[in-house]
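In what follows, a single structure is set out as structure tokens and then discussed.
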Amino acid sequence: MSSALRSLKGGSLLPKILVGVLIIGIFFQLQWSSSSSSTPAAIEDETSTPPEYFNDKPAKASAHAETPKPTPAAASDAHDYSKTFVSYGPTKCLPEFTDKMKAAAIERNHTCAKYAPFTVQESRRVAFAGITTGKPVEAYQRAIASQMFAAAVQGTSAHILCDQLFDSTWNKIAFLLNLVMNEMLKPANERLEWIMWIDRDAIILDPCRPLSSFLPPNTPDFDDVNLITNNDALGLNNGVFLFKVSDWATNYFNAVLAFRYFRPDEQLTQAEQSGMDRIMHEDKFKKGFVRVPWYWFNAYPDEDDSVNKYREGRETEDLEWFRARKGDYVVHFAGDDGRSGRMPDWENMIEEVGNVYEKKEQQRDVTKEVEKYWQSWKAGSLTEHQITGEKWREENVEGKNKKEG
Ligand SMILES: *[C@@H]1O[C@H](CO)[C@@H](O)[C@H](O)[C@H]1NC(C)=O
């Protein structure tokens with residue numbers, strides 16, 4: 001090396017080589033700079049709208065909207081909903097979230113903060129999950145829109161599967177397993193913490209209430225709580241429930257999904273609902289679930305004149321404790337064969353009623369009851385009544401004198 005340099009120094013070749021290197025250098029410099037100006041830009045374009053798995057078109061649309069054009073104030077204020085509503089599968093099944101709904105969500109966000117008699121902020125990373133497949137039906141599309149509305153009000157997200165990932169109603173379990181595993185791949189401080197499964201025949205009545213308000217306090221005392229379920233008159237109802245994103249949930253949904261393979265001779269009269277019920281009571285899982293009163297987040301409509309009873313806040317004597325009242329989170333049309341006809345009446349009425357807290361119309365507020373429930377759970381002193389909620393009427397409507405019994 002050094003001898004070669006010396007020999008170059010000696011000759012008159014050096015200036016020529018230097019000039020040659022300079023020319024080549026300038027040539028490549030130009031090449032590099034022109035290619036480097038496109039590569040980072042392409043990367044930047046991708047990172048500015050992170051691709052969500054199976055995401056829907058909004059992400060792409062917003063990437064195009066990035067082109068620097070002077071936009072009117074209203075458009076530049078527009079919130080990006082591509083992470084709020086996430087659809088899964090090739091079919092586009094999400095109802096349109098219109099500008100009117102966006103404006104209503106922003107307004108409700110403000111009136112909830114102003115009037116709701118409880119903390120409206122989410123304290124955990126939470127989301128909704130649901131499925132709708134087949135031909136769109138107005139009743140269900142609008143119920144899903146109510147779920148999307150709640151996610152928009154709270155600033156959370158709704159994850160909806162539009163296709164069959166697995167056979168029949170077992171699709172629900174497959175989707176939840178998929179969701180949990182996807183979340184578990186993310187860093188712990190980014191992944192969702194809790195997910196509410198919600199059927200497409202369940203309408204959200206109270207978008208002011210944060211999902212976190214149903215959850216146990218975020219302390220190690222409650223580490224075992226992974227699944228929050230409720231029973232209706234027939235036993236477990238898996239139309240609406242909450243679960244923690246955890247290894248427990250992965251194991252649980254995996255076991256439920258494999259049920260038919262490992263126990264082909266066992267009858268499951270309610271398909272995946274029976275599967276969930278059977279598995280959660282097994283030794284390996286029974287410590288992980290709790291049962292709470294169904295009206296917390298799975299109230300049913302009254303059988304007679306339910307729309308008017310709710311609208312007028314009538315606390316009639318025959319209105320059972322688990323029937324939807326103002327202040328309840330959800331009304332669920334479980335097992336109602338005429339639901340696709342009845343649900344739109346509710347959906348219209350809820351829009352008319354608006355925020356029940358604005359006029360102090362709420363008939364039920366479970367906030368204190370939920371807090372008490374978790375204290376009792378921790379102390380190991382839960383009563384049958386705290387689990388079923390069946391004395392709610394007696395204590396809150398008939399015997400208001402019995403306060404804090
Ligand atoms: C309103 O939106 C903000 C931002 O997403 C959120 O922090 C707040 O909790 C929301 N309020 C209600 C009532 O959901």
Side-chain angles (χ1 to χ4, degrees), residues 56 58 77-88 92-116 118 120-122 125-132 136-162 192 194-214 239-240 242 296-299 301 307 310-311 324 326-333 339 343-359 361-362:
D56 202 87
D77 284 343
H79 181 75
D80 175 12
Y81 285 94
S82 65
K83 289 187 205 123
T84 312
F85 313 132
V86 189
S87 79
Y88 295 70
K92 303 277 176 251
C93 69
L94 292 191
E96 193 195 349
F97 201 69
T98 60
D99 287 346
K100 204 174 143 194
M101 290 162 95
K102 288 176 189 172
I106 291 166
E107 195 203 325
R108 187 68 67 91
N109 176 287
H110 294 146
T111 63
C112 288
K114 193 161 173 200
Y115 299 106
F118 44 75
V120 291
Q121 294 283 335
E122 291 288 5
R125 290 184 301 279
V126 294
F128 297 108
I131 298 179
T132 184
V137 173
E138 186 205 343
Y140 302 144
Q141 290 298 97
R142 290 178 70 184
I144 288 173
S146 78
Q147 300 162 14
M148 291 163 67
F149 185 73
V153 169
Q154 295 284 348
T156 60
S157 54
H159 301 254
I160 313 286
L161 175 62
C162 300
L192 292 170
W194 282 84
I195 294 175
M196 171 174 271
W197 165 269
I198 181 159
D199 275 358
R200 64 177 186 170
D201 60 353
I203 303 165
I204 294 192
L205 297 170
D206 183 15
C208 291
R209 179 169 286 283
L211 280 183
S212 319
S213 72
F214 297 117
V240 192
L242 285 150
W296 281 17
F297 48 74
N298 196 18
V307 169
Y310 180 96
R311 182 198 284 118
K326 283 183 180 167
D328 285 346
Y329 191 59
V330 155
V331 61
H332 180 198
F333 292 72
R339 63 188 141 206
M343 286 170 66
D345 293 341
W346 267 85
E347 287 152 347
N348 292 336
M349 178 269 291
I350 292 157
E351 279 175 30
E352 269 170 50
V353 167
N355 184 351
V356 298
Y357 303 112
E358 213 164 327
K359 293 184 214 129
E361 291 172 335
Q362 71 269 24

Query raised in the report: Sequence neighbours excluded, which residues qualify as salt bridge (Lys or Arg N to Asp or Glu O under 4.0 Å) partners of Glu361?
Result: Lys326

Query raised in the report: Closest approach of Cys162 and Lys92, non-hydrogen atoms and distance?
Result: SG-C, 4.4 Å

Report task. Measure across Ala151 and Ala158 and return the closest heavy-atom pair with its distance rounded to 0.1 Å. Result -> CB-N, 4.1 Å

Query raised in the report: Which pairs pass side chain to side chain donor-acceptor pair (under 3.5 Å) with one or both residues in residues 143-155, sequence neighbours excluded?
Result: none

Query raised in the report: Do the ring planes of Trp346 and Phe333 sit parallel (below 30°), tilted (30 to 60°) or perpendicular (above 60°)?
Result: perpendicular

Query raised in the report: With side chains defined as the heavy atoms from C-beta onward, is the minimum distance between Tyr310 and Val356 less than 4.5 Å?
Result: yes

Query raised in the report: So Phe214 and Trp296, would you call those rings parallel, tilted or perpendicular, with 30° and 60° as cut-offs?
Result: parallel

Report task. Could you label the plane-to-plane angle of the Tyr81 and His79 rings as parallel, tilted or perpendicular, counting under 30° as parallel and over 60° as perpendicular? Result -> perpendicular

Report summary line: On a heavy-atom basis, the closest approach of Ala127 and Leu211 is O-CD1, 3.8 Å

Query raised in the report: If you take all heavy atoms of Val120 and Ala116, which pair is closest and at what distance?
Result: CG1-CB, 3.8 Å

**Report entry** Under the ring-ring contact (aromatic ring centres under 6.0 Å, His included) test, residues paired with Tyr115 that sit two or more places apart
**Finding:** none

Requested in this report: Using the side chain to side chain donor-acceptor pair (under 3.5 Å) rule, collect all pairs that involve residues 200-213, keeping only residues at least two apart or in two chains.
Outcome: Glu122-Ser212, Thr132-Arg200, Asp201-His332, Asp201-Arg339, Asp206-Tyr357, Arg209-Ser213, Arg209-Asp365, Arg209-Thr367

Query raised in the report: What residues form a side-chain contact (heavy atoms from CB on, under 4.5 Å) with Pro344, not counting sequence neighbours?
Result: Glu138, Ala139, Arg142, Glu347

Report summary line: Between Gln141 and Leu94 the two heavy atoms that sit nearest each other are NE2-C, 4.1 Å

Query - Any residue meeting side-chain contact (heavy atoms from CB on, under 4.5 Å) with Ala129, in chain and number order, not counting sequence neighbours - result: Phe175, Leu176, Leu179, Ile195, Trp197

Report task. Report yes if some heavy atom in the side chain of Tyr329 is under 4.5 Å from a heavy atom in the side chain of Val240; otherwise report no. Result -> no

